[in-house]
Structures are given as C-alpha cells and as structure tokens.
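Numbers here simply count residues along the sequence, with the first being 1.
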Amino acid sequence: MSEKVDPPASGGAAPAGLEQFKAYQGIDESTMTEAEAKFERRRQTSGLVLGPLVALLLLVLPLDLPWNQQALAAVFAFTVIFWLTEAMPIPATSLLSVALMVVLGVNGADDVLSSFGNTIVLLYLGAFFLSQGLLKHGLAERAAYVVLASRWVGNSVIRVIVAVGVVTAVFSAFVSNTVTVAMLLPTVLGIIVAIAKQAGAQDPTRLRIATCLLLMLAFSASIGGVLTPVGAPHQLIGRDLLESASGQQISFFNWSAIAFTFAIPLFAALLLLLVKLNKPEVSKLDGLAASMAAKRDSRGPLTRGEWNTLIVFSLVVVGWLLPGISALVFGSDSAVYETLADTLDEGIVAVLGACLLFLLPTERRTRTFTITWQDAVKTDWGTLLFIICGAALGAQLTDTGLAERVGGALGSAFGGANVVVLTFAAVLLAILISEIGSNLAAVGIVVPIVIPIAIAAGVDPMLPGLAATFGSSFGFMMPISTPQNALVYATGAVPITKMVRSGIVFDVLAAVFVTVGVLVMGSVLGLT
C-alpha cells in the first residue's frame with residue numbers, strides 16, 4: 001500500500017517511524033563509539049603535551065633566526081598542534097596564540113591586534129545577521145517546500161535526491177552548513193520513513209535510499225558552502241591571507257565564478273556516485289508532491305518578516321556582485337569599477353543590510369522589527385574569534401618575514417614544481433587536514449604554508465592558495481570531518497563504511513575538480 005509523505009513541520013511532532021533515528025547530541029557525545037571516543041581523548045591529550053613541548057624546543061634551539069621570527073615559529077607550531085588535536089576549543093586556542101605573540105615579543109600589541117578591525121569582521125557579522133533573518137521568519141524552509149513541491153520533482157525519488165541536494169547547496173551558500181542540514185534533516189527523515197513504508201521495510205535506517213539521501217544532504221552542504229565567500233567562515237580567513245600576501249582583491253563575483261566552475265560538475269559527480277553506490281529501493285513515492293504542496297500552502301502568503309528579509313537579502317547580494325559585474329562590463333581599470341569597489345566594500349554592504357533588518361518593522365503598532373538584538377547575540381562568537389585571530393597570525397607570518405624564510409627553505413624541494421602540481425598538492429593537503437582536524441584548522445595551517453612555498457618556487461601564490469582555501473571546506477570520509485557529516489551519521493542510517501567508501505572517492509574527485517576549476521577560471525578572470 002502506498003503511503004503519503006508527512007515530514008514534520010518545524011517544531012512539530014515527528015511522523016510515525018521517525019523515532020527509529022537517533023537524536024543528535026554532538027560529536028563528542030553519543031555520536032561516537034567507545035573506540036572513537038577513546039581515540040579523541042588520546043588526540044586531545046597528545047596535543048596538551050606536544051604543543052607546549054614543541055613550542056619550548058623552538059624557543060630554546062639555537063636557530064639562525066631573529067627573535068621575533070623564532071618566537072612566531074614557536075607560537076605557530078603550538079597553535080597548529082592545538083588546532084589539529086583540539087586540545088583546547090579552536091577559538092580559545094586562537095585567542096591564546098594572539099596573546100602569546102604579544103607576550104613573546106613577535107610584535108607590539110597594536111600591530112598584532114590590528115586584525116580586530118579587519119573588514120572581514122563586519123562581513124561575518126552582517127552575513128550572520130542576514131542568515132538569522134532567513135531562518136527566523138521561515139523563508140528558507142518555505143523555499144525548500146516550494147522546490148520539493150514543484151511539478152519537475154513530482155513523485156520521482158531520483159529527482160527528490162537532486163532537489164534535496166540543490167536546496168541544501170543554495171542555502172549553504174549563505175547560511176551555516178550545519179544549520180542548513182539541521183533545518184532540512186527532519187524533512188529528509190520524513191521522506192525516508194515514507195519510502196520505508198511503501199517498500200515494506202521495517203527499519204528505515206537499513207534502506208539504501210536513506211544512506212543516499214542523507215549523504216547527499218551532508219555532502220551538498222559542503223559543496224554549497226564554497227559558492228560564496230560567506231558560505232563558511234574559514235573561507236574568509238583564506239581569502240584575507242591571500243589578499244594580504246598578493247595585494248590583489250578577490251571579489252565576491254570572482255570567488256563565486258570560480259566556485260561554480262568546479263561545484264556544478266562536482267555536484268553531478270556526487271549524484272552519480274551516491275545513486276550508483278546506494279541504489280534506491282523504489283523509483284517513485286506516491287503522495288510526495290501532494291504532501292510537499294500541502295506543507296507549502298499551509299504557510300500562507302509571505303509574511304511581512306519574510307518580505308523584509310527577502311528584499312534586504314536581494315539588495316545585499318546585488319551589492320556584493322555589482323563591483324565584479326562592473327569590472328566585466330567596463331573593465332577593471334575603469335572609473336566605474338574603482339568607484340563601486342571602493343564604495344561597496346563587502347563588509348560595509350553586509351552591515352548596512354543587517355542594520356536594515358533592525359529597522360524594517362514586522363508590526364508597527366508594537367514596534368516589532370525583522371530581527372532583534374536577541375537574535376543577533378546568537379552569533380557564533382567562537383568562530384568570529386577564530387577569524388580575527390587567524391588573520392592576526394597570518395599577518396604576523398608576513399610582517400616578521402618568517403613566511404618568506406620558510407618559503408625559501410622549502411622552495412628548493414618544489415623548485416621544479418609548476419602551478420598545476422602546487423595547486424593540486426595544496427588542495428589535497430587541505431582536504432586531508434579537514435578529514436582529521438577541522439575546516440578551520442585546515443585553512444589556518446595550509447594557506448600560510450602554501451603562500452611562501454609558491455613564492456619561493458617562482459609561482460604566483462594566488463591560485464594554489466585559493467585552491468587550498470576551497471579544499472579546506474571539504475572532508476567527506478569521516479563523521480568527525482564536518483559537523484554536517486556528524487549530523488547525518490548520528491541518525492544511524494549512514495554506516496561508517498558507506499561514508500568512508502563514498503567519501504574517499506569524492507575527496508579525490510573534489511581535489512581534481514577544484515584544481516581544474518581554479519586554474520581555468522582563475523586564469524580567465526586574471527587572478528594570476
């Protein structure tokens with residue numbers, strides 16, 4: 001007998017059968033097996049020992065370096081070890097590294113702390129406030145139901161998989177990957193339960209389609225996150241480091257143009273891979289389109305809050321894209337482009353949009369506005385601290401000359417390497433660190449190393465560094481690689497073997513596609 005899909009509304013009761021999926025409690029809690037938890041404890045303990053030990057050795061060894069460079073090398077090594085092992089929370093480690101740079105005499109406090117006034121702070125805050133508006137008023141959820149209820153999707157299971165991936169990728173371009181997956185997860189689980197009933201399966205977690213849909217949800221969030229600089233916070237750090245090292249700006253338009261070049265074929269490869277490895281038990285699901293249409297219609301017309309958010313969001317995106325578009329139309333040396341680039345700073349545009357959300361009312365009589373300061377304080381302040389402190393560490397690597405020395409020392413090993421080899425090696429290293437560490441650690445470690453190596457090898461660091469930044473967003477093999485991987489793994493419907501099998505293939509594909517996309521489109525846009 002065919003069953004209709006009844007995914008839960010936000011905050012509502014879950015459909016029958018959903019209780020078979022585990023509740024997510026965080027990667028350091030029930031999502032781990034006893035062996036995995038033991039490994040994580042050992043990893044953290046090793047960091048607590050190795051970090052200070054390596055830093056102390058670098059401080060006392062008779063290295064042929066000025067004191068500020070030797071002290072910075074010690075701080076950098078300490079920070080990298082603590083990031084990789086998560087001996088302390090990454091934001092706390094970042095703050096500690098800034099304090100250590102001042103205490104050990106790397107540079108004066110004013111110079112080290114100058115990154116706290118960096119424009120990326122405004123960009124991150126503004127983008128976060130915008131995403132709060134999208135989520136608070138349900139505009140993102142409405143858009144998901146509109147897509148899933150479309151005539152093109154219908155009752156086709158394959159098209160549902162595609163639609164879930166597309167919706168996730170689009171939302172992740174502007175909203176946190178983790179928040180996007182958490183928001184869509186109940187709907188996807190509801191679809192899986194309905195498929196299980198139609199297929200006569202007792203346990204929905206055993207279905208191949210469950211694995212396919214959930215991995216599509218997690219992996220497409222990572223792909224979508226790279227489509228814009230604000231899609232993932234660590235990308236702002238990578239871009240800032242590259243712009244500081246090269247003196248060349250990577251506009252919002254240029255970033256997205258490069259990202260789309262590899263993201264589209266990467267998404268197509270993801271679909272083919274997941275469907276091939278996890279062939280769905282059924283090809284059609286009766287009642288899917290009708291159920292999604294009912295969910296869409298139940299929301300009624302757009303509310304005032306949704307209209308306000310949609311208008312402001314559209315204006316901000318136009319403001320971000322306009323300088324890049326003007327460069328294509330009028331040329332990058334034109335007065336029009338220079339005026340727009342100077343005026344429409346991305347951080348300023350984001351903050352102006354965020355301020356509009358505080359001013360546009362949803363109810364004039366009660367003076368209720370689109371977002372409130374209570375919404376704003378939900379900002380992930382830990383990530384913001386990482387962005388600021390990561391920028392400070394990168395700036396000191398350049399200012400003290402340590403990056404140049406390291407690059408010169410390692411340059412001989414890569415002396416014969418060309419831009420293709422360096423770019424592929426950079427993105428592969430970033431993906432590897434993301435698998436065992438975090439996206440934040442990957443970009444904070446790899447990009448500062450890639451830049452001086454490329455310079456020493458006689459290669460423009462822009463493209464290898466950009467590839468490493470993109471690569472730091474990926475990590476498909478393990479539940480601990482990204483929070484979105486942990487979310488879907490915690491449902492119990494994604495066996496670790498299937499995640500590893502799909503993830504290792506996709507890691508390699510991502511490295512290849514990112515390398516080709518960055519080199520080809522980067523050259524077209526003149527980022528060399």
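The two residues Val153 and Ala163 come nearest to each other via the heavy atoms CG2-CB, 3.8 Å. For the residue pair Val316 and Gly353, the shortest heavy atom distance occurs at CG2-CA, 3.7 Å. For the pair Val181 and Gln484, the tightest heavy-atom approach, listed with the atom from each and the gap, is CG2-CB, 3.6 Å. Among all heavy-atom pairs drawn from Asp375 and Gln132, the shortest one is O-NE2, 3.3 Å. Nearest heavy-atom pair across Ala245 and Ile451 is CB-CG2, 3.7 Å. Across all non-hydrogen atoms, the minimal contact from Ala467 to Val427 is O-CG2, 3.5 Å.
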Would you list the atom pairs, donor with acceptor, under 3.5 Å between side chains in residues 503-522 and any protein atom, with sequence neighbours excluded?
{"unit_1": "Asp507", "atom_1": "OD1", "unit_2": "Phe476", "atom_2": "N", "d": "3.4"}
{"unit_1": "Thr515", "atom_1": "OG1", "unit_2": "Ala511", "atom_2": "O", "d": "2.7"}

Name the atoms and distances for all side-chain donor-acceptor pairs under 3.5 Å in residues 232-239, with sequence neighbours left out.
{"unit_1": "His234", "atom_1": "NE2", "unit_2": "Ser473", "atom_2": "OG", "d": "2.9"}
{"unit_1": "Gln235", "atom_1": "OE1", "unit_2": "Ser473", "atom_2": "OG", "d": "2.7"}
{"unit_1": "Gln235", "atom_1": "NE2", "unit_2": "Gly225", "atom_2": "O", "d": "3.1"}
{"unit_1": "Gln235", "atom_1": "NE2", "unit_2": "Thr228", "atom_2": "O", "d": "3.0"}
{"unit_1": "Arg239", "atom_1": "NH1", "unit_2": "Ile250", "atom_2": "O", "d": "3.0"}
{"unit_1": "Arg239", "atom_1": "NH1", "unit_2": "Glu346", "atom_2": "OE1", "d": "2.8"}
{"unit_1": "Arg239", "atom_1": "NH1", "unit_2": "Glu346", "atom_2": "OE2", "d": "3.3"}
{"unit_1": "Arg239", "atom_1": "NH2", "unit_2": "Glu346", "atom_2": "OE1", "d": "2.6"}

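Side-chain contact between Val175 and Leu130: absent, with no pair of heavy atoms (C-beta onward) separated by less than 4.5 Å. Looking at heavy atoms from C-beta onward, Val450 lies out of side-chain contact with Ile453 at the 4.5 angstrom threshold. At least one side-chain heavy atom of Phe267 sits less than 4.5 Å from a side-chain heavy atom of Met216. For the pair Thr187/Lys295, no side-chain contact is recorded, criterion being any heavy-atom separation below 4.5 Å from C-beta on. For the pair Val226/Phe262, a side-chain contact is recorded, criterion being any heavy-atom separation below 4.5 Å from C-beta on. The closest side-chain heavy-atom distance from Val230 to Trp320 is below 4.5 Å. Looking at Leu393 and Pro448, their side chains never come closer than 4.5 Å, going by heavy atoms from C-beta outward. For the pair Ser94/Trp83, a side-chain contact is recorded, criterion being any heavy-atom separation below 4.5 Å from C-beta on.
Shown are Leu310, Thr303, Thr309, Asn308; of these, the side chain to side chain contact (heavy atoms under 4.5 Å, CB included) with Glu306 is made only by Thr303. A side chain to side chain contact (heavy atoms under 4.5 Å, CB included) with Val488 is found for exactly one of Leu213, Val188, Thr211, Leu214, namely Leu214. Just one of Ile161, Val160, Asn278 meets the side chain to side chain contact (heavy atoms under 4.5 Å, CB included) condition when paired with Ile209; it is Ile161.
Rounding to the nearest 0.5 Å gives a distance of 10.0 Å between CD1 of Ile388 and OH of Tyr124. Distance check, rounded to the nearest 0.5 Å: NZ of Lys378 to CD1 of Ile371 gives 10.5 Å. Atom CG of Leu322 sits about 11.0 Å away from atom OG of Ser251, to the nearest 0.5 Å. Note: Phe171 CZ to Ser220 OG = 11.5 Å, rounded to the nearest 0.5 Å. Atom CG of residue Leu357 and atom CG of residue Leu134 lie 8.5 Å apart, to the nearest 0.5 angstrom. Taking CG of Asn485 as the start and CG of Leu215 as the end, the distance is 8.0 Å to the nearest 0.5 Å.
Using modelled atom types, no side-chain atom of Ser176 and backbone atom of Ser172 make a donor-acceptor pair closer than 3.5 Å. Checking side-chain atoms of Ser434 against main-chain N and O of Ala442 turns up no donor-acceptor pair under 3.5 Å. Judged by distance alone, the side chain of Ser150 and the main-chain N or O of Val146 form no donor-acceptor pair under 3.5 Å. Judged by distance alone, with hydrogens and angles left aside, the side-chain atoms of Arg208 form a donor-acceptor pair with the main-chain N or O of Lys279 at under 3.5 Å. Listed for the Ser46 side chain is a donor-acceptor partner under 3.5 Å among the backbone atoms of Arg43. One N or O on the side chain of Arg159 and one on the backbone of Trp152 form a donor-acceptor pair closer than 3.5 Å. A donor-acceptor contact shorter than 3.5 Å links the side chain of Arg299 to the backbone of Gly138.
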Exercise for the section: Kindly determine whether Leu270 and Leu266 satisfy side-chain contact (heavy atoms from CB on, under 4.5 Å), including the steps that lead there. Expected result: CA-CA 6 Å; Leu270 174 63; Leu266 197 56; over 6 Å; no
Handout entry: Criterion side-chain contact (heavy atoms from CB on, under 4.5 Å) on Leu277 and Lys498, from CA distance to verdict
Key = CA-CA 9 Å; Leu277 294 178; Lys498 289 191 175 183; over 6 Å; no
Handout entry: Chi angles and distances behind the side-chain hydrogen bond (donor to acceptor under 3.5 Å, both in side chains) call for Asn177, Thr180
Key = CA-CA 5 Å; Asn177 296 349; Thr180 298; 5.7 Å; no
Exercise for the section: Give the C-alpha distance, both sets of side-chain angles, the deciding distance and a yes or no for side-chain contact (heavy atoms from CB on, under 4.5 Å) between Ser472 and Val446. Expected result: CA-CA 8 Å; Ser472 67; Val446 178; over 6 Å; no
Problem - Stepwise side-chain contact (heavy atoms from CB on, under 4.5 Å) test for Ser502 and Leu274 - result: CA-CA 7 Å; Ser502 301; Leu274 291 182; 4.0 Å; yes
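Here the two rings, on Phe470 and Trp255, have centers that are under 6.0 Å apart.
Other residues, nucleotides and ligands place no more than 12 heavy atoms under 6.0 Å from the CZ atom of Arg206.
A parallel orientation is assigned to the rings of Phe174 and Phe252, their planes being inclined by less than 30° (bins at 30° and 60°).
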